[in-house]
Amino acid sequence: MSITRLAANACLLILTLIFHHSNANNIVAAASTAEAPNRRFEYKYSFKGPHLSQADGNIPFWVHSGNAIPSADQVRITPSLRSQKGSVWTKTTVNFDNWEAEVTFRVSGRGRMGADGLAIWFTTAQGLDGPVYGAADNWNGIGIFFDSFDNDGKKNNPAVLVVGNNGKLVYDHPNDGTTQSLGTCLRDFRNKPYPVRAKITYYKRTLIVLINNGFTPDKDDYEFCTKVDNMVIPQEGYFGISAATGGLADDHDVLSFLTFRLSEPGQELPPPEAEMPKQDKDKYQEEFENFQQDLDKKKEDYQKEHPDIQGQPIEDMYESVNDREIRQVFEGQNRIHLEIKQLHHQLAVILDEQRRYVSVATDEISKRQGESGGQVGQAPSQEMGAVVATQQEVLRNLNELRNSFYESLKQIGASQHQGNAVGMGTYETVQHFNDIKEHLHVVKRNIEHLITRNGNPSEKQVMNCPDPPPMPSCLGTTHFLVFVVIQSVLFFSYIMYK
């Protein structure tokens with residue numbers, strides 16, 4: 001008989017669990033298949049990172065008390081120290097009937113057990129301090145409690161409870177509020193790999209609590225926790241979050257609190273400015289008119305002090321961002337134009353000297369060929385011809401270099417007449433200066449070859465090159481190369497810097 005009775009009890013337990021699970025699934029399915037209400041985000045009753053707090057440590061539209069510590073990405077309601085409590089509350093009351101709150105938080109501690117817990121509030125008054133999870137007792141409204149510590153020893157914690165109060169009840173701490181709860185579910189929300197999320201929906205006098213246990217990064221992976229029908233709460237109230245620690249301690253961190261206003265499908269919500277109280281509208285309008293009058297008075301005083309700008313709009317006196325950028329572009333192009341123009345002038349001087357040198361060398365060769373004939377003069381004539389050919393090659397390269405500079409000048413001059421050709425001219429200018437660099441390498445190689453040939457002792461014994469005529473003191477070949485290389489380096493550095 002005992003075996004039969006145990007089997008019957010086991011079957012009854014299994015059927016009860018199956019019925020409870022199917023009932024929960026039916027509730028979630030019914031909530032999802034029903035036509036969803038319209039949602040509108042209410043920023044004055046919300047906060048989230050990454051810029052959660054201001055420079056002074058306050059949260060916009062919220063007030064914090066106790067041991068709460070706001071930071072840039074979260075609010076630490078209580079640190080993991082013993083006997084700590086803190087809370088955050090909205091500064092203004094919520095004046096819409098249906099709402100939805102999405103709270104993202106993290107409860108973490110070193111021990112296997114923690115305390116005391118965290119609470120989400122909607123009450124008629126701000127419970128800034130008190131014994132109920134860091135908030136005041138005898139509240140008028142509703143509280144959703146995330147209880148960490150098992151006070152009654154029934155091993156039914158951590159748990160989530162929904163407790164309502166009309167302002168007359170005292171919270172039953174010894175029994176973890178189980179005697180007063182309107183709905184509850186067992187959920188372990190401590191030390192999860194991802195933040196825990198709670199979605200609390202109050203729509204048409206029905207309160208639904210959904211929990212994301214924080215096992216996966218999926219933000220929409222909610223599970224049904226509890227549902228309370230025919231629940232009447234105050235029409236206006238404050239949203240708040242509080243937490244407390246006791247002999248054991250946890251870090252209670254709130255990452256975000258997002259509030260949405262709900263309305264029936266097809267119902268249009270009034271714009272936010274239409275919901276502003278008339279007293280606030282009049283106040284802001286008066287402040288704006290006073291500011292406008294002060295601004296007009298300052299404009300009149302400025303025009304009286306500067307009579308030369310009478311009739312000219314003050315806005316035209318200041319440089320806009322676009323004007324400043326265009327001015328900087330043209331200033332940079334003007335500097336480039338001056339640098340290239342200076343190099344072009346120096347190349348012209350060097351070309352004139354090179355032409356005179358080639359002319360003198362050619363006259364000397366003709367004179368020597370006339371004085372000496374036959375086989376004896378063939379070797380010197382060949383050497384002089386090679387010298388003249390080398391000088392003519394150098395002259396040709398210098399002419400090409402000068403033409404390159406001239407083309408660069410034309411490019412920059414044309415780009416200055418086009419306001420939108422800055423980006424296109426940059427690549428073309430770089431190409432021109434690459435060509436200039438190649439021409440400079442050719443000039444340097446030819447001059448080094450010429451110096452090597454003129455410095456050979458055997459060739460000096462065969463023929464002595466004629467001394468060039470006295471030239472005015474000017475730039476020599478070595479100085480020219482050094483000068484051109486330095487100018488090129490400076491110029492390329494300037495171009496890269498711009």
Side-chain angles (χ1 to χ4, degrees), residues 37-48 52-54 58-66 68 70 75 77 86-103 105 118-130 132-145 162-169 171 182 198-209 228 231-243 254 256-264 267-285 287:
N38 296 326
R39 302 169 79 227
R40 188 178 74 183
F41 178 67
E42 299 290 341
Y43 69 93
K44 289 187 177 181
Y45 309 104
S46 307
F47 64 81
K48 64 176 181 177
L52 190 149
S53 63
Q54 296 176 330
N58 293 322
I59 307 173
F61 308 110
W62 291 71
V63 60
H64 64 279
S65 63
V75 181
I77 308 297
S87 63
V88 291
W89 295 83
T90 57
K91 291 182 179 180
T92 59
T93 59
V94 176
N95 56 1
F96 37 88
D97 297 331
N98 303 310
W99 47 264
E100 183 177 88
E102 295 181 0
V103 186
F105 62 93
L118 180 140
I120 302 173
W121 302 92
F122 180 81
T123 59
T124 56
Q126 297 174 337
L128 299 178
D129 189 15
V132 184
Y133 303 99
D137 205 342
N138 301 109
W139 69 93
N140 184 8
I142 185 175
I144 296 90
F145 303 151
V162 178
V163 179
N165 198 337
N166 58 1
K168 299 178 181 179
L169 297 178
Y171 183 63
L182 303 176
K199 180 184 290 187
I200 305 163
T201 305
Y202 181 74
Y203 183 63
K204 294 182 178 181
R205 295 190 176 185
T206 300
L207 184 75
I208 299 176
V209 179
V228 181
M231 185 171 189
V232 179
I233 63 175
Q235 292 183 353
E236 293 186 359
Y238 296 89
F239 281 117
I241 309 176
S242 66
V254 179
S256 66
F257 191 107
L258 306 179
T259 304
F260 299 89
R261 179 174 180 174
L262 303 181
S263 62
E264 296 183 5
Q267 179 182 357
E268 294 184 0
L269 294 174
E273 57 272 10
E275 300 178 353
M276 185 181 299
K278 186 177 184 302
Q279 183 179 359
D280 294 342
K281 285 184 179 180
D282 297 338
K283 178 183 175 181
Y284 296 147
Q285 185 65 27
E287 291 180 357

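When the shell of 6.0 Å around NZ of K48 is examined, it contains 12 or fewer heavy atoms from other residues, nucleotides or ligands. In K91, the NZ atom is crowded: over 12 heavy atoms of neighbouring residues, nucleotides or ligands sit closer than 6.0 Å. When the shell of 6.0 Å around CD of Q54 is examined, it contains more than 12 heavy atoms from other residues, nucleotides or ligands.
Residues L182 and L207 form no side-chain contact, since every pair of their non-hydrogen atoms from C-beta on lies 4.5 Å or further apart. Within the 4.5 Å cutoff, no side-chain heavy atoms of T124 are placed close to those of E236. N140 places a side-chain heavy atom less than 4.5 Å from the side chain of P234. Residues M231 and I142 form a side-chain contact, since some pair of their non-hydrogen atoms from C-beta on lies under 4.5 Å apart. With a 4.5 Å cut-off on side-chain heavy atoms, F41 and L258 count as touching. Looking at heavy atoms from C-beta onward, T206 lies in side-chain contact with I208 at the 4.5 angstrom threshold.
The backbone N or O of G66 sits nowhere less than 3.5 Å from a side-chain atom of D129 that would complete a donor-acceptor pair. Judged by distance alone, the side chain of Y45 and the main-chain N or O of R261 form no donor-acceptor pair under 3.5 Å. Proximity of a side-chain donor or acceptor of N38 to a complementary backbone N or O of L262 within less than 3.5 Å is not detected. The closest donor-acceptor contact from the side chain of S46 to the backbone of T259 lies under 3.5 Å.
Between S263 and P37, the shortest heavy-atom contact is O-CB, 3.2 Å. For the pair T90 and T92, the tightest heavy-atom approach, listed with the atom from each and the gap, is OG1-O, 3.1 Å. In terms of heavy-atom proximity, V162 sits nearest to I144 at CG2-CG1, 4.3 Å. Listed here is the closest heavy atom pair of F61 and K44: CB-O, 3.2 Å. What you find for T93 and Y238 is that their closest heavy atoms are CG2-CZ, 3.3 Å. Closest heavy-atom contact between P70 and S53: CB-CB, 4.1 Å.
The ring pair (Phe, Tyr, Trp, His ring centres under 6.0 Å) search around Y203 returns none, not counting sequence neighbours. The salt bridge (charged side-chain N to carboxylate O under 4.0 Å, His left out) search around R39 returns E100, E102, not counting sequence neighbours. Partners of A119 by side chain to side chain contact (heavy atoms under 4.5 Å, CB included), not counting sequence neighbours, listed by chain and number: W121, Y133, F145, S242. Annotation: salt bridge (charged side-chain N to carboxylate O under 4.0 Å, His left out) contacts of D137 (sequence neighbours excluded): none. Partners of N58 according to the side chain to side chain donor-acceptor pair (under 3.5 Å) rule, which considers only residues two or more places apart in sequence or in another chain, are D56. For F239, the ring pair (Phe, Tyr, Trp, His ring centres under 6.0 Å) partners are W99, F122, F257, not counting sequence neighbours.
Relative ring orientation between F47 and W62 is described as perpendicular, the plane-to-plane angle rising above 60° on a 0-90° scale split at 30° and 60°.
The side-chain contact (heavy atoms from CB on, under 4.5 Å) test with H64 singles out one residue from I77, L128, I241, V88, and that residue is V88.
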